[in-house]
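Each ligand, and each atom within it, is numbered from 1 in the order the structure gives. Count residues from 1 along the sequence.
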Amino acid sequence: MVRLTCVMLLLGLGAPPVAEAYDLEITNNGPITTGAQATVQATLSVKNESVTSDVYHFNWIYAPLILIEKSEQGFNSVINVTGEFPGTFPVSVWVTHRNCWLCRPVARNVTVLQITEFITGNLTIAQIEDSEVVTWGSSSSTGTVTRISFSLHDPSHYFKSASFVYNWDFGDGVYQITKEPFVYCNCSSMGNRTVHLKVVAEWEQIGSIIHEREIMQKTGDFTTALELLDAVKSINIVGSRETHVMENLNLSLHINGTPPLALCWLIKSECIPLEGDKCHLVEISGSCYNLSHTFRDAGQYCLSIRVENGVTMLQTYHGIKVWPTGIHPAFLVLVCIALVSVMLLLVLYTTFRSNTQQKDLVEVADFDFSPLSDEHLSNHSESGCGPLCCRSCFLQSSKEAARESHELRHSFYKPVKMYTQ
Ligand SMILES: *[C@@H]1O[C@H](CO)[C@@H](O)[C@H](O)[C@H]1NC(C)=O
Ligand SMILES: *[C@@H]1O[C@H](CO)[C@@H](O)[C@H](O)[C@H]1NC(C)=O
Ligand SMILES: *[C@@H]1O[C@H](CO)[C@@H](O)[C@H](O)[C@H]1NC(C)=O
Ligand SMILES: *[C@@H]1O[C@H](CO)[C@@H](O)[C@H](O)[C@H]1NC(C)=O
Ligand SMILES: *[C@@H]1O[C@H](CO)[C@@H](O)[C@H](O)[C@H]1NC(C)=O
Ligand SMILES: *[C@@H]1O[C@H](CO)[C@@H](O)[C@H](O)[C@H]1NC(C)=O
Ligand SMILES: *[C@@H]1O[C@H](CO)[C@@H](O)[C@H](O)[C@H]1NC(C)=O
Ligand SMILES: *[C@@H]1O[C@H](CO)[C@@H](O)[C@H](O)[C@H]1NC(C)=O
């Protein structure tokens, strides 16, 4: 006892530990029920690499808790403690160099252990949809089956021989008693309600005084607020799938689900599943959101959207084609048609040019048989072929060739015109 107070004095009045070269982390696995055991663990870590590794000693203060076991290994120390009375108990630890008991502690820390006379545990709510379980705090969606389950917190297996009975109160006049630590709630009406659970644990124990069997009992009361919301059922995107560079694209998002909704959107070249907050997050209290975006570069884009309302999460994608400024798809089609026709004309022209002489002859031959157009045709073929033959014989310059081709075309078109008349 004397040593304890000394130690406390040392802890309270002692100068701060040498530099901040050490970290001492301390954790406990509480809360526990009276009579059960809790484990408190302390880990020392050396921050300054230049501190030579040493042998350390862990000193604990846990009174009025009862020590069950203590172990120390290198930079770790673990104690198991138990308590007969409920309350909150601080457990402290400080570390000294082993060979220097009176030296200043190199580090110290404290943790608070909760001990209650009741059963310890948690109520969790999970929503089951298409045999898929989604856990979402205390919110649940209507129309789907909700599983409310109790998880016992008993790290030292204090209740290993106990049998449990669970009394459920769904807050709407419905009660249920089960042997299993879970129930399925067909929550059909929207709104808030409080689910209450009373857990009773019973077990036999051999009395320590007269060694007769006695029935032990512990209880626990748990409540959880159940907020029934509508799941996000759909996201409707109204707006164009095409736009131009530096032009405002206005999209309207209509969401079918209970607000408040957390909407997150991202525009990238490909569709990606949105995770965390790597997108533009907006809180919306209605069911509609207007999104306006201006693109700087042309290309194919994808608008990825995620909507959450604390019950469900839904993702959707919307492809967007961005054209360079001033170019409209219809315009492109026109350009294509024009190009194709020019090509066609060129092909036709070159084909006919290389065969002109032969064709002219063929045509002449044709028209020779036709008695009606005989006069006209012969006139033209004469005026066209006369100088042409001479030129093709005597002139070879390229300039002349160009002019020649011009005349050639005339000589070719004229008979045709005549023919159709
Ligand atoms: C004390 O322990 C807690 C829990 O492990 C830790 O977060 C905290 O940093 C520690 N404090 C010091 C001074 O090491
Ligand atoms: C680490 O320790 C050495 C000597 O013990 C000291 O000189 C140095 O400043 C320390 N470094 C830090 C970052 O604390
Ligand atoms: C101390 O607690 C740990 C973890 O809870 C457990 O594994 C160990 O058996 C306990 N030791 C004793 C002596 O009860
Ligand atoms: C119960 O839930 C609370 C908050 O959600 C959490 O801090 C605590 O660790 C949980 N306890 C157990 C025994 O799971
Ligand atoms: C929920 O509905 C199912 C059938 O749809 C029924 O078997 C079950 O007992 C109901 N549960 C509750 C808690 O009302
Ligand atoms: C349910 O409770 C939350 C806060 O816990 C509140 O914001 C919400 O409006 C409540 N809903 C209804 C329908 O009462
Ligand atoms: C989009 O909305 C803005 C105003 O918010 C407007 O100036 C713009 O003309 C709209 N763009 C289109 C393509 O309707
Ligand atoms: C979205 O835009 C439409 C018209 O385009 C308008 O009627 C509506 O009020 C807008 N909504 C919001 C939330 O701004």
For atom 13 (C) of ligand 8, find the nearest protein heavy atom and state the residue, atom name and distance (0.1 Å precision). C288 O, 4.1 Å
Ionic contact status for R213 with E204, cut-off 4.0 Å: yes
Atom 11 (N) of ligand 8 touched by protein (heavy atom, under 4.0 Å): yes
Suppose I only count heavy atoms of N109 and a 4.0 Å limit; which atoms of ligand 1 are within that range? 1 (C), 2 (O), 3 (C), 8 (C), 10 (C), 11 (N), 12 (C), 14 (O)
Step through the shown structure and confirm whether more than 12 heavy atoms of other residues, nucleotides or ligands are within 6.0 Å of CZ on F159. yes
For atom 14 (O) of ligand 3, grab the closest protein heavy atom and report residue, atom and distance to one decimal in Å. Q37 OE1, 3.1 Å
Do S149 and T124 have a side chain donor and acceptor closer than 3.5 Å? yes
Numbered atoms and elements of ligand 1 in range of D23, under 4.0 angstrom, heavy atoms: 14 (O)
Any protein heavy atom < 4.0 Å from atom 2 (O) of ligand 8: yes
Could you check whether atom CD of Q205 has more than 12 heavy atoms from other residues, nucleotides or ligands sitting under 6.0 Å from it? yes
If you scan protein heavy atoms around atom 4 (C) of ligand 8, the nearest is N290 ND2, 4.6 Å
Does CD in Q217 sit with more than 12 non-hydrogen atoms of other residues, nucleotides or ligands closer than 6.0 Å? yes
N80 heavy atoms, cut-off 4.0 Å: which ligand 3 atoms fall inside? 1 (C), 2 (O), 3 (C), 8 (C), 10 (C), 11 (N), 12 (C), 14 (O)
Which class fits the ring pair H97 and Y22: parallel under 30°, tilted 30 to 60°, perpendicular over 60°? perpendicular
